[in-house]
J.: 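Can you read through this structure? Questions will come right after.
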Amino acid sequence: MFNKHDIDRNACMLRGPLAHHGYDWWWHSFTAQDKETGEDKAFFIEYFLCNPALSEDWPVFGQLPENRKAGKYPSYLMVKAGTWGEEHFQIHRFFAWKDVKLHGEAPYKLKADDCFASEDHLKGSVKVTKDEAAMHPEWMCDAGEMTWDLHIDKQIAFNVGYGASTPFRIAEAFAMYWHAEGMKSTYEGEITCNGRKYIVTPEKSYGYADKNWGRDFTSPWVWLSSNCLISKKTGNVLSNSVFDIGGGRPKIYFVPLDRRLLGVFYYEGKEYDFNFSKLHLKVKTDFKFEEKEDVVIWRVRQENIHAVMETEIFCKKSDMILVNYEAPDGSKRHNKLWNGGNGWGTVKLYDKEDGKEVLVDEIEASHVGCEYGEYDC
């Protein structure tokens with residue numbers, strides 16, 4: 001079942017070969033309200049782990065020319081934080097592994113100085129000045145300052161199936177794995193961002209929490225998710241619903257598959273599964289991404305033997321960041337990876353009945369987390 005939690009998949013996966021050539025991250029995104037004005041502001045926080053077995057006394061940056069020349073791979077904990085919308089930014093803080101305390105088994109716990117992450121609590125701070133950002137392009141970030149103290153309630157999970165199961169993890173069958181332990185989550189606490197305070201409340205946080213790990217990324221890279229949903233059929237808020245779409249072009253044993261996506265809509269307790277790895281469902285997927293002058297657009301149609309989901313999402317480019325990561329081998333091939341948290345659009349759900357598609361609902365989605373990018377070459 002989609003909503004089955006599996007915190008074993010949320011443990012740290014950097015063991016064996018992946019400790020020498022691998023990454024793992026816990027991603028969190030949510031909405032807060034300005035303490036003074038009440039306006040919404042979308043934020044993200046991520047704890048990104050890379051090549052712990054290659055640790056040195058200081059963080060090792062793969063983008064530094066001298067490290068590339070010496071054949072050194074990146075090795076660090078990177079704490080990424082930032083915001084979308086007006087005055088958007090991404091800022092990074094790096095730790096050498098000797099300064100990190102990690103309990104990698106489930107439930108995980110991670111601590112480095114004042115930065116902390118676990119299944120139900122996030123705390124930390126990142127500060128990068130304009131001079132530092134300009135002097136250190138290897139940090140791959142902007143200038144800004146952010147602190148946070150948040151509690152998490154992960155309510156609905158997306159367990160992607162056998163592809164992330166223990167045998168496939170041990171065999172390192174896929175180049176990139178995914179697990180959404182909290183595709184519908186609530187967050188509660190406080191954020192301070194560039195001097196302004198923001199309050200995070202469960203009922204208006206529209207939160208999301210997942211993880212990716214592996215030895216490489218995917219191209220194209222697709223992600224769409226929201227639990228801020230309203231039925232156009234009834235006009236009601238769908239309080240027990242969430243959709244999540246992710247993937248691109250997975251590699252299994254270094255062989256790339258055709259363009260594939262994993263998708264789910266948990267619709268008021270009923271699960272609509274569009275997981276290509278479940279062969280009995282005969283899932284078909286078509287997706288397109290379009291970049292216009294002011295907006296970017298995702299159009300996804302997913303179909304199985306029981307149902308159809310059609311998703312169309314928009315996001316203003318001025319609200320988004322081009323999110324930065326380097327791979328475990330030190331390469332940076334994603335240099336136009338659009339990433340946002342203020343997307344909006346519609347999702348249409350259909351049941352198949354007697355060879356016909358019968359509309360279940362058309363859903364308005366907002367506060368959509370969204371991502372798309374392709375390798376430079």
Side-chain angles (χ1 to χ4, degrees), residues 2 25-32 40-48 80-86 88-90 122 148 150 152-158 160 176 178-187 191 198 200 202 204-212 217-218 220-230 238 241-248 261-266 274 287 289 295-300 302 309 311-325 334 337-347 363-373:
F2 293 121
W25 77 62
W26 292 281
W27 168 272
H28 306 268
S29 52
F30 52 89
T31 298
D40 281 355
K41 186 73 169 169
F43 293 92
F44 57 89
I45 299 167
E46 181 182 62
Y47 299 77
F48 179 98
K80 176 192 286 283
T83 181
W84 296 296
E86 293 184 11
H88 53 266
F89 63 78
Q90 63 183 315
L122 302 178
W148 58 92
L150 301 163
I152 317 163
D153 180 12
K154 297 174 181 176
Q155 299 178 345
I156 300 176
F158 181 22
V160 303
M176 186 175 189
W178 181 34
H179 176 65
E181 182 66 15
M183 68 171 174
K184 184 178 190 300
S185 297
T186 63
Y187 289 74
I191 299 275
Y198 296 84
V200 187
K204 294 191 290 185
S205 59
Y206 315 116
Y208 178 87
D210 77 355
K211 82 192 303 283
N212 285 99
F217 306 132
T218 185
W221 183 328
V222 180
W223 171 57
L224 298 166
S225 185
S226 174
N227 59 68
C228 185
L229 306 170
I230 298 175
L238 300 177
S241 298
V242 58
F243 76 90
D244 203 2
I245 298 170
L261 297 180
L262 299 162
V264 57
F265 201 122
Y266 189 80
F274 303 94
F287 65 89
F289 176 80
V295 299
V296 290
I297 307 167
W298 295 255
R299 294 184 178 93
V300 183
Q302 296 173 286
M309 181 166 81
T311 306
E312 185 177 48
I313 301 297
F314 303 81
C315 196
K316 293 195 297 184
K317 291 165 74 172
S318 60
D319 280 353
M320 304 180 78
I321 63 169
L322 296 178
V323 67
N324 289 325
Y325 301 100
H334 269 299
L337 182 53
W338 289 104
N339 175 277
N342 295 327
W344 75 93
T346 59
V347 182
I363 300 108
E364 293 181 348
S366 60
H367 298 85
V368 180
C370 46
E371 202 161 34
Y372 187 87

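Index from 1, following the sequence.
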J.: Taking C-beta and beyond as the side chain, do Tyr325 and Val323 meet within less than 4.5 Å on heavy atoms?
T.: yes
J.: Using the test ring-ring contact (aromatic ring centres under 6.0 Å, His included), find all partners of Trp148 that sit at least two apart in sequence or belong to another chain.
T.: none
J.: Please verify the inter-ring angle class for Trp25 with Phe217; under 30° counts as parallel, over 60° as perpendicular, anything in between as tilted.
T.: tilted
J.: Specify the closest pair of heavy atoms between Thr218 and Met176, including all atoms of both residues, with the distance to one decimal.
T.: N-SD, 3.6 Å
J.: What residues form a salt bridge (Lys or Arg N to Asp or Glu O under 4.0 Å) with Lys41, not counting sequence neighbours?
T.: none
J.: Can you confirm whether Ile191 sits close enough to Phe30 that some side-chain heavy atom of one is under 4.5 Å from a side-chain heavy atom of the other?
T.: yes
J.: Evaluate Met320 against His88 for side chain to side chain contact (heavy atoms under 4.5 Å, CB included), listing each step before the verdict.
T.: CA-CA 7 Å; Met320 304 180 78; His88 53 266; over 6 Å; no
J.: Grab the two heavy atoms, one from Ser205 and one from Ser185, that are nearest each other, plus how far apart they are.
T.: OG-O, 4.2 Å
J.: Once ring-ring contact (aromatic ring centres under 6.0 Å, His included) is applied, do any residues pair with His334, and if so which ones, sequence neighbours excluded?
T.: Trp221, Tyr375
J.: Establish, from distance only, whether the side-chain atoms of Trp178 and Asp210 form a donor-acceptor pair under 3.5 Å.
T.: yes
J.: I would like to know whether Phe287 and Thr311 meet side chain to side chain contact (heavy atoms under 4.5 Å, CB included); could you show each step before the answer?
T.: CA-CA 9 Å; Phe287 65 89; Thr311 306; over 6 Å; no
J.: Hey, are the side chains of Asn227 and Ile156 touching, using non-hydrogen atoms and a 4.5 Å cut-off?
T.: no
J.: What pairs with Lys204 under salt bridge (Lys or Arg N to Asp or Glu O under 4.0 Å), at least two apart in sequence or on another chain?
T.: none
J.: Can you name the residues that form a side chain to side chain donor-acceptor pair (under 3.5 Å) with Ser241, not counting sequence neighbours?
T.: Glu268
J.: Could you check whether any side-chain heavy atom of Ile321 comes within less than 4.5 Å of a side-chain heavy atom of Phe44, counting everything from C-beta outward?
T.: yes
J.: Taking all heavy atoms of Ile245 and all of Met309, pick out the closest pair and write down the distance.
T.: CD1-CE, 3.8 Å
J.: Please check if any side-chain donor atom of Asp244 sits under 3.5 Å from a side-chain acceptor atom of Tyr208, or the reverse.
T.: yes
J.: Roughly how far, to the nearest 0.5 Å, is the CD1 atom of Ile230 from the OG1 atom of Thr346?
T.: 13.0 Å
J.: In chain order, what residues pass the side chain to side chain donor-acceptor pair (under 3.5 Å) check against Trp338, with sequence neighbours excluded?
T.: none
J.: Output yes when a side-chain donor or acceptor of Gln302 lies under 3.5 Å from a complementary backbone atom of Val264, and no otherwise.
T.: no
J.: State which residues pass side-chain contact (heavy atoms from CB on, under 4.5 Å) with Phe314; sequence neighbours excluded, sorted by chain then number.
T.: Ile297, Glu312, Trp344
J.: Can you tell me how far the CD1 atom of Ile152 sits from the NZ atom of Lys154, to the nearest 0.5 Å?
T.: 5.5 Å
J.: Taking Asp319 for its side chain and Gly341 for its backbone only, find out whether a donor-acceptor pair lies under 3.5 Å.
T.: no
J.: Side chain to side chain contact (heavy atoms under 4.5 Å, CB included), that's the test. Do Phe289 and Val222 meet it? Break it down for me.
T.: CA-CA 9 Å; Phe289 176 80; Val222 180; over 6 Å; no
J.: Taking atom NZ of Lys184 and atom OG of Ser226, what is their separation to the nearest 0.5 Å?
T.: 10.0 Å
J.: Quick one: side chain to side chain donor-acceptor pair (under 3.5 Å) partners of Asn324, sequence neighbours excluded?
T.: Lys332
J.: Are side-chain N/O atoms of Ser29 and Trp27 paired as donor and acceptor at under 3.5 Å?
T.: yes
J.: Quick one: pull up CZ in Phe48 and CG in Asn212 and give me the separation to the nearest 0.5 Å.
T.: 10.0 Å
J.: About how many Å separate CD of Glu364 and CG of Leu238, when rounded to the nearest 0.5 Å?
T.: 10.5 Å
J.: Show the numbers, then the answer: is there a side chain to side chain contact (heavy atoms under 4.5 Å, CB included) between Trp298 and Val368?
T.: CA-CA 11 Å; Trp298 295 255; Val368 180; over 6 Å; no
J.: Can you check whether Gly369's main-chain N or O pairs, donor with acceptor, with Ser225's side chain at less than 3.5 Å?
T.: no
J.: What class does the angle between the rings of His28 and Tyr187 fall in, given that below 30° is parallel, 30 to 60° is tilted and above 60° is perpendicular?
T.: perpendicular
J.: Between Glu181 and Trp26, is there a side-chain heavy-atom distance shorter than 4.5 Å?
T.: no
J.: What pairs with His367 under ring-ring contact (aromatic ring centres under 6.0 Å, His included), at least two apart in sequence or on another chain?
T.: Tyr206
J.: My understanding is that only residues two or more places apart in sequence, or in another chain, count here; which of them pass side chain to side chain donor-acceptor pair (under 3.5 Å) with Tyr198?
T.: none
J.: Please check if the side chain of Thr83 supplies one atom and the backbone of Ala42 the other of a donor-acceptor pair under 3.5 Å.
T.: yes
J.: Test of understanding: with side-chain contact (heavy atoms from CB on, under 4.5 Å), list the residues that count as partners of Ser318, not counting sequence neighbours.
T.: Lys316
J.: Are side-chain N/O atoms of Asn339 and Trp84 paired as donor and acceptor at under 3.5 Å?
T.: yes
J.: If you define the side chain from C-beta out and look only at heavy atoms, does anything of Phe243 sit under 4.5 Å from Leu229?
T.: yes
